[in-house]
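Hydrogens, waters and symmetry mates are skipped; everything else that's a heavy atom, side chains included, is used. Chain identifiers are assigned alphabetically (A, B, ...) following the order of the sequence lines, protein sequences preceding nucleic acid strands; residue numbering begins at 1 within each chain.
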2 protein chains.
Amino acid sequence: MDQLLQSVTIRINEKIFIKDPESSDLGKRIIEESINMIGRMGFESFTFKKLGTQIGSNESSVYRYFENKHKLLLYLTSWYWGWLEYQLVFFTNNIADPKQKLEKAIRIVTKTTEEDSEFSHINEILLNKIVINEYSKSYLTKEVDTENKEGYFVIYKRLVNRMSSMIKEVNEAYEYPLSLASTVLEGSLHQHFLKDHFTSLTDCRENVDPTEYFTQLVFSALTSNIND
Amino acid sequence: MDQLLQSVTIRINEKIFIKDPESSDLGKRIIEESINMIGRMGFESFTFKKLGTQIGSNESSVYRYFENKHKLLLYLTSWYWGWLEYQLVFFTNNIADPKQKLEKAIRIVTKTTEEDSEFSHINEILLNKIVINEYSKSYLTKEVDTENKEGYFVIYKRLVNRMSSMIKEVNEAYEYPLSLASTVLEGSLHQHFLKDHFTSLTDCRENVDPTEYFTQLVFSALTSNIND
DNA sequence: ATATTATGATAGTATTACTATTATTTTTAT
DNA sequence: ATAAAAATAATAGTAATACTATCATAATAT
């Protein structure tokens, strides 16, 4: 990623925050440091009090940006999916062949984030780890339906839909484009997690990325003739 | 499921509990009522104090069975996976043809639990809902590696391995049997969740079970010639 | 120079997630 | 049948969490 990205901002649903963290220095420190802290200690041990101390500020000041840490997690993960969506669109835009396009798309959404684009104060490598470890917690709640209606998951949903469209462009007769798209996105996070913690449950490892597995899986499904 | 099951017990790692809940009436009420309560109010709102009140007992008594609610969740989910494993083995045991066997296996692990087997005080329908909504939380923690070493996830791991073996029996050249097995198990929970809360992200719905989707997906992957 | 807004400091509350102690009831062993 | 042991219940207490509320101070905008 390069210069271009420096002028791009990821637009997050305004209901997720009280005050836009991008609008001030303190806000940016909140985002920056919360990524470090959640990455280091995990979401459950992370608190606004600890964050306040860490950024040389105050618990009460953090509360002026986010209602609670759940909303902050929604903010961080939305940002991540927005960033991925941007890459997906940018790098597949010029590809005419649907197969090549889909292949590129799968590569983008399943790869390990290995470089920090430096286009913001956000550490994408760490954020990728956070998404792997914590994303499910943002929607596996009793409030999902309300929060979904409020539009807290729009970016992720848009991403799944973009993948689904690319799948359909390869084979419009395929019956499960949405399920396949959501399986690739969610499954990729899961395979990355297994690679790090349950090596006996995955074939992915150092140098065998989930990318290859999912690419083969998707193209098999789309070019299969088992239902003929 | 029938009579036979009444004599089967699912063996849970003894480190997960302090006192075996199967060993007393109070223990069984703890399990039974915790399933109702977690199902109703979600894992985060559930507390041992509320559980104590509900079963006409005491917070401190619950603590004599489980160290904390995380361990209780591990117990419940282990039980569920053990129960699924039992069905998997039981109903595939007599099938000689590897394809038919795998097909049956996929059906068992991806179907919606629709009947309470009555072979225990455990409500399997509700427990299935709990697994869909809460299972990820049991391993997406900072303590996974330690708890994995303690053997808290053995049953689940055994289940993935059984699925993986069945996959290999259909196509021993297939490169990702473990990833495919873990994708089916985890992905099935995810598709069920989407069906209930994010209908725009899945093709599964009333009468279109994840079963069909995953069956097609797995057999496409195994009979694919895209790498030839 | 003053009003406005942002931030910081402090205090307070209800709830959670426990631990510890003691009392009471139930079970079991003799 | 009785004593000892084990299980359960009741009560109290603690540190931490997840906030809310209030007031003071600093930065900025007009």
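Note: CD1 (A:I55) to C1' (C:dA6) measures 13 Å, nearest angstrom. Remark: P of C:dG8 and CG of A:L51 are 12 Å apart, rounded to the nearest angstrom. For the pair A:I18 CD1 and C:dT5 C1', the interatomic distance rounds to 16 Å; values are reported in whole Å.
Of the listed nucleotides (C:dG8, C:dC18, D:dT11), C:dG8 has the atom at the smallest distance from the side chain of A:N58. Nearest to the side chain of A:S61, among D:dA9, C:dC18, C:dG8, sits C:dG8. Distances were taken from every side-chain heavy atom of B:E59 (C-beta onward) to each of D:dA9, D:dC19, C:dA17; the shortest belongs to C:dA17.
Look at B:S57 and you won't find any side-chain N or O under 4.0 angstrom from OP1 or OP2 of D:dA7.
Nucleic acid contact class of A:K19 (heavy atoms, under 4.0 Å, all strands): sugar-phosphate only. Note on A:Y63: a base of the nucleic acid sits closer than 4.0 angstrom, heavy atoms only. Note on B:K69: only backbone sugar-phosphate atoms sit closer than 4.0 angstrom, heavy atoms only; bases stay farther off. B:E44 comes within 4.0 angstrom of no nucleic acid atom, judged by non-hydrogen atoms across all strands. A:Y65 comes within contact range of the sugar-phosphate backbone alone, with a heavy-atom separation under 4.0 Å but no base atom that close.
Taking the six-membered ring for Trp, B:Y80 and B:Y135 have ring centres at least 6.0 Å apart.
Remark: A:E85 CD to A:S78 OG distance equals 11.0 Å, nearest 0.5 Å. The CZ atom of B:F193 sits 9.5 Å away from the OG atom of A:S136 when rounded to the nearest 0.5 Å. The CD1 atom of A:I122 sits 5.0 Å away from atom CD1 of A:I35, with the distance rounded to the nearest 0.5 Å.
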Validation: residues 17-30 of chain B side-chain donor-acceptor distances under 3.5 Å, sequence neighbours left out:
| unit_1 | atom_1 | unit_2 | atom_2 | d |
| --- | --- | --- | --- | --- |
| B:D20 | OD1 | B:E22 | N | 2.9 |
| B:E22 | OE2 | B:H121 | NE2 | 2.9 |
| B:S23 | OG | B:D20 | O | 2.6 |
| B:S24 | OG | B:G27 | N | 2.9 |
| B:S24 | OG | B:Y65 | OH | 2.5 |
| B:D25 | OD2 | B:R29 | NH1 | 3.1 |
| B:R29 | NH2 | B:I55 | O | 2.9 |

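Side chain to side chain, B:T202 and B:Q191 meet the donor-acceptor criterion of an N or O pair below 3.5 Å. No hydrogens or angles considered: nothing links the side chains of B:T141 and A:E44 as a donor-acceptor pair under 3.5 Å.
For the pair B:D25 and A:K49, both in contact range of DNA chain D, the more 5′-proximal nearest nucleotide belongs to B:D25.
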Using the 3.5 Å cut-off, write out each protein N or O paired with an N or O of nucleotides 21-28 of chain D and the distance between them.
none

